[in-house]
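Chain letters run A, B, ... following the sequence lines, proteins first, then strands; residues in each count from 1.
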Amino acid sequence: AQKITQTQPGMFVQEKEAVTLDCTYDTSDPSYGLFWYKQPSSGEMIFLIYQGSYDQQNATEGRYSLNFQKARKSANLVISASQLGDSAMYFCAMRRRNAGNMLTFGGGTRLMVKP
Amino acid sequence: EPEVTQTPSHQVTQMGQEVILRCVPISNHLYFYWYRQILGQKVEFLVSFYNNEISEKSEIFDDQFSVERPDGSNFTLKIRSTKLEDSAMYFCASTPLAGVEDTQYFGPGTRLTVL
């Protein structure tokens, strides 16, 4: 069965510093996609970044980048130059080609940015 | 920018009552989903829907749940006889295609409270 693990239930980061949120996954499927979503206190789920299992380069989207280490089965989210508005829950999720359409989510990491 | 919408934002109901949660997916999307998030827990897949039928469902999606696309724009989740444990945030999501790379865009959620 596929599994997504986020080992950091909560993290603090100083404003303007970079922070890494960890995500490891477990699958034997060769084709899969990894997603990160942000959930602010208002509750909505906001898509941040995607990494495909066959992508040769790490994904980047503005201040977000993904440190994808396929052999280690990790897909850590890096947020550069943290802002107060980055304070939120962050969820890692996976979608597998051989498992239909659903996303499987990790337990999330609560990030708190200190001024 | 097109977005998924959900109504109501908050629904309070008595145990045993029926509730219908409504979603309007992004207009050119073909695949629709419902997820739920019990307070403080991870996001869990309930059901996926394509071409007017369920394509996948989880163990959570038992006979008390049903989904429908009553017209060309709405996508609904019905809970026939609510239980206390159905209290959660319910998210609708949609995606244009079903590849591993296709991002699922989430609505803002409906918070269901069962008393």
Side-chain angles (χ1 to χ4, degrees), chain A residues 1-10 23 25 27 29-55 59 61 64 66 68 70 75 88-110, chain B residues 1-6 8-10 23 25-26 29-51 53-61 88-113:
Chain A
Q2 60 183 352
K3 190 176 177 183
I4 305 287
T5 303
Q6 295 180 252
T7 57
Q8 307 148 313
C23 172
Y25 58 92
T27 182
D29 285 350
S31 179
Y32 52 89
L34 296 156
F35 300 81
W36 278 90
Y37 287 86
K38 173 184 178 181
Q39 186 178 42
S41 56
S42 50
E44 70 267 35
M45 296 286 286
I46 302 167
F47 164 70
L48 294 178
I49 195 167
Y50 161 80
Q51 179 83 45
S53 59
Y54 293 119
D55 292 345
E61 287 286 348
Y64 304 109
L66 216 151
F68 181 48
K70 194 171 180 177
M89 282 290 288
Y90 289 81
F91 291 96
C92 179
M94 179 168 67
R95 194 175 184 189
R96 296 182 299 144
R97 183 169 297 282
N98 294 328
N101 303 323
M102 65 180 176
L103 285 170
T104 299
F105 284 82
T109 294
R110 180 170 298 282
Chain B
E1 186 174 324
E3 57 184 21
V4 178
T5 60
Q6 289 184 245
S9 56
H10 191 186
C23 168
I26 295 173
H29 286 189
L30 300 177
Y31 294 83
F32 316 122
Y33 312 84
W34 284 101
Y35 292 82
R36 80 169 186 192
Q37 184 184 30
I38 294 171
L39 187 62
Q41 298 187 21
K42 66 170 68 175
V43 179
E44 301 173 291
F45 168 77
L46 291 178
V47 66
S48 60
F49 192 86
Y50 169 70
N51 200 26
E53 60 184 29
I54 291 173
S55 49
E56 243 187 317
K57 60 182 181 180
S58 71
E59 295 174 349
I60 303 168
F61 194 87
M89 181 77 99
Y90 288 81
F91 291 103
C92 175
S94 70
T95 189
L97 296 169
V100 290
E101 69 280 7
D102 292 298
T103 299
Q104 293 185 16
Y105 293 94
F106 283 71
T110 293
R111 183 170 298 283
L112 177 65
T113 303

Q.
Just so I understand: if I count every heavy-atom pair under 4.5 Å between each of A:Glu44, A:Met45, A:Met89, A:Gln51 and chain B, which residue has the most?
A. A:Met45
Q. So which part of B:Leu39 gets closer than 4.5 Å to some heavy atom of chain A, the side chain, the backbone, both or neither?
A. neither
Q: Not counting sequence neighbours, which residues clear ring pair (Phe, Tyr, Trp, His ring centres under 6.0 Å) with B:Tyr105? List them please.
A: none
Q) Nearest heavy-atom pair of B:Phe91 and A:Gln39: which atoms, and what distance? A) CZ-NE2, 3.5 Å
(Q) If you define the side chain from C-beta out and look only at heavy atoms, does anything of A:Phe91 sit under 4.5 Å from B:Gln37? (A) yes
Q: Examine whether an atom of B:Ser58 lies under 4.5 Å from a heavy atom of chain A, and if so say whether it belongs to the side chain, the backbone or both; otherwise answer neither.
A: neither
Q) B:Thr103 versus A:Tyr37: any side-chain heavy-atom pair under 4.5 Å? A) yes
Q.
Among A:Tyr50, A:Tyr54, A:Tyr32, exactly one meets side-chain contact (heavy atoms from CB on, under 4.5 Å) together with B:Glu101. Which residue is that?
A. A:Tyr50
**Q.** Proximity breakdown for B:Tyr50 and chain A, heavy-atom pairs closer than 4.5 Å
**A.** neither
**Q.** Residue A:Phe47 versus chain B: region with a heavy atom under 4.5 Å
**A.** side chain
Q. Which atoms form the tightest heavy-atom contact between B:Gln104 and A:Leu103, and what is the distance?
A. OE1-CD1, 3.6 Å
